[in-house]
Amino acid sequence: MKVALITGITGQDGSYLAEYLLGKGYRVVGMVRRTSTIDYSRIDHIQDQIEIAHGDLLDQGSLYDIFDTYQPDEVYNLGGQSNVQLSWAQAVLTAESTALGVTRVLDCLRMVTPLARFYQASTSEMFGEADESPQHLGTRLNPRNPYGVAKVYGHLITQNYRQKHGLFAVSGILYNHESPRRDLDFVTRKISHGVAQIKLGLADELRLGNLDAQRDWGFAGDYVRAMWLMLQGDQPRDYVIGSGQAHTVREFCRVAFDVVGLDYQAYVVADPAFFRPAEGHPLVADPGPAQAELGWKPEVGFEALIEMMVRADLAALAS
Ligand code: NAP
Ligand code: F7E
């Protein structure tokens, strides 16, 4: 039985990846950090099938102990501070987990399980103010916030450890992926939850930032499959993973309100507090190599994703 170690198992992607790996017969070990209120809500339904290991990306010794105890065959490094806006307020903490945390994990892997395969959760935010659309592996990295800067460090240190130490270490540059398990402070879940509240009479408006901002959105359940595929190849290679299609926040709103038979224009209010300027070149993936070489393609499209999220929020709020 192969052992998979997931950092960030309590997060959106960690929960979907754990489900996926359990389905493939892995022994799944999830690293969690200590918090005063324990919230395993995303993994409650699989808690009896996974093993929880306490550790923190800021704490080298805890990582070393986990590697030593579980001797993982595959390591998925999904942990870290992942909120772009918050990274301005907590720039150093973001760098500690999202940048240096990667080196701490890689050092454990190099010293304890050098034959293990390593996946690094990189992001389209590394392209930031992009030179071109769609982006591909050759597009210049030009991050525009502390989160993106920290992720560039994680991406480059993964490549450097691969070259210097001969590790099977890969970086997946993933575009926005969403689900009913997405945190409420990301725009998609804020919209689906807001729509459900309005439909049920629990709110009468939805305050959003830039409606013209564009993103390449997909379903998290599809994207964790790409992570696994990247660790199954003969050679370690980085990939860009996304749908290849950009949509505006406005389109997302229109479809989400359509699901409940309402017109978004009657409820969405522009609020400067949430405004971020849109990028010149939209962040949109060129998933061609991933499709051709990994055989990966998303199964859930834009409209289906939105409907899934709105219906899940309606059901949760109505219960
Ligand atoms: P998420 O829901 O924010 O989950 C982040 C996870 O990291 C949580 O389990 C969190 O634990 C854990 N974590 C935070 N700081 C930690 C620390 N110091 N030590 C150990 N664990 C820590 O993020 P996600 O959406 O699942 O994304 C997974 C990864 O992919 C992240 O690295 C993110 O930056 C990256 N990514 C995400 C997207 C996307 O669209 N979702 C796109 C590209 C890349 P707690 O539960 O204790 O907070
Ligand atoms: O913003 C616009 C906002 O916060 C998406 C993380 O998973 O994906 C995520 O980062 C867009 C931006 O995600 C609101 O200006 C408009 O253009 O949902 P978001 P993000 O910043 O793209 C990347 C790939 C990651 O790697 C990150 O970890 O939506 N927007 N109005 C708004 N955004 C928010 N949050 N709230 C609004 O009211």
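We count ligands from 1, going down the list as the structure has it; atoms in each ligand are counted the same way.
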inquiry  = Using a 4.0 Å cut-off to any heavy atom of D185, which atoms of ligand 2 qualify?
reply    = 35 (N)

request  = Assess Y147 for proximity to ligand 1: is some non-hydrogen atom of it under 4.0 Å away?
outcome  = yes

query = Short N/O distance, under 3.5 Å, between N77 and ligand 1?
reply = no

request  = Quick one: look up the protein heavy atom nearest atom 6 (C) of ligand 1 and list residue, atom name and how far away it is.
outcome  = G8 CA, 3.6 Å

note = Counting heavy atoms under 4.0 Å, the part of A213 that contacts ligand 2 is side chain

ask   = Hey, are S122 and S171 close enough side-chain-wise for a donor-acceptor pair under 3.5 Å?
value = yes

inquiry  = Distance under 4.0 Å to a non-hydrogen atom of S124: what atoms of ligand 2 satisfy this?
reply    = 24 (C)

task = Look at atom 4 (O) of ligand 1 and say which protein heavy atom is nearest, naming residue and atom and giving the distance to 0.1 Å.
result = G11 CA, 3.4 Å

request  = Answer with yes or no whether D56 contacts ligand 1, where contact means a heavy atom under 4.0 Å from a ligand atom.
outcome  = yes

query = Can you tell me if S124 has a non-hydrogen atom under 4.0 Å from ligand 1?
reply = no

ask   = So is K199 actually on top of F257's ring, under 6.0 Å and inside 45° of the axis?
value = no

key: V249 neighbourhood, listing ligand 2 atoms whose heavy-atom distance to it stays under 4.0 Å   = 2 (C), 29 (O)

note = Closest non-hydrogen atoms of Q81 and S97, given as atom of the first, atom of the second and distance, are N-OG, 3.1 Å

inquiry  = Does the residue L78 have a heavy-atom contact with ligand 1, meaning some pair of atoms that are separated by less than 4.0 Å?
reply    = yes

inquiry  = Under 4.0 Å, heavy-atom basis, I'd like to know which part of R182 is in contact with ligand 1: side chain, backbone, both or neither.
reply    = side chain

inquiry  = Within 45 degrees of the ring normal and closer than 6.0 Å to the centroid, is that where the cationic atom of R42 sits relative to Y40?
reply    = no

query = Do the side-chain N and O atoms of D131 and H281 include a donor-acceptor pair separated by under 3.5 angstrom?
reply = no

note = Counting heavy atoms under 4.0 Å, the part of V84 that contacts ligand 2 is side chain

ask   = Is the closest heavy-atom distance from M126 to ligand 2 below 4.0 Å?
value = no

task = Find out whether the Lys NZ or Arg CZ of R117 is both under 6.0 angstrom from the six-membered ring centre of F168 and within 45° of the ring's axis.
result = yes

message = So, regarding R215 and ligand 2 (criterion: nitrogen or oxygen to nitrogen or oxygen, under 3.5 Å), is there a contact or not?
response = yes

request  = Consider ligand 2: state whether an atom of it lies below 4.0 angstrom from any non-hydrogen atom of Y147.
outcome  = yes

task = Run the numbers for me: atoms of ligand 2, each under 4.0 Å from some heavy atom of T123, listed by number.
result = 23 (C), 24 (C), 25 (C), 26 (O)

query = Starting from atom 39 (C) of ligand 1, which protein heavy atom do you reach first, and at what distance in Å?
reply = H177 CE1, 3.3 Å

query = What part of K151, side chain, backbone, both or neither, has a heavy atom within less than 4.0 angstrom of ligand 1?
reply = side chain

ask   = Parallel under 30°, tilted from 30 to 60°, perpendicular over 60°: which one fits the rings of F302 and H247?
value = parallel

inquiry  = Could you check whether any side-chain heavy atom of L57 comes within less than 4.5 Å of a side-chain heavy atom of M31, counting everything from C-beta outward?
reply    = yes

message = Does either side chain, that of D238 or that of Q159, offer a donor lying less than 3.5 Å from an acceptor on the other one?
response = yes

query = Between Q120 and T158, does any side-chain donor sit less than 3.5 Å from a side-chain acceptor?
reply = no

message = Both conditions, 6.0 Å and 45 degrees, for the charged tip of R182 above the ring of F186: are they met here?
response = yes

ask   = Tell me, which protein residue and heavy-atom name are nearest atom 7 (O) of ligand 1, and how many Å apart are they?
value = G80 N, 3.0 Å

message = Tell me whether the NZ or CZ atom of R181 lies within the 45° cone about the ring axis of Y16 and under 6.0 Å from its centre.
response = yes

key: Contact check, M31 vs ligand 1, heavy-atom distance below 4.0 Å   = yes

Top protein contact for atom 1 (P) of ligand 1, by heavy-atom distance = S82 OG, 3.8 Å

request  = Using a 4.0 Å heavy-atom threshold (strictly under), name the region of Q12 that reaches ligand 1: side chain, backbone, both or neither.
outcome  = both

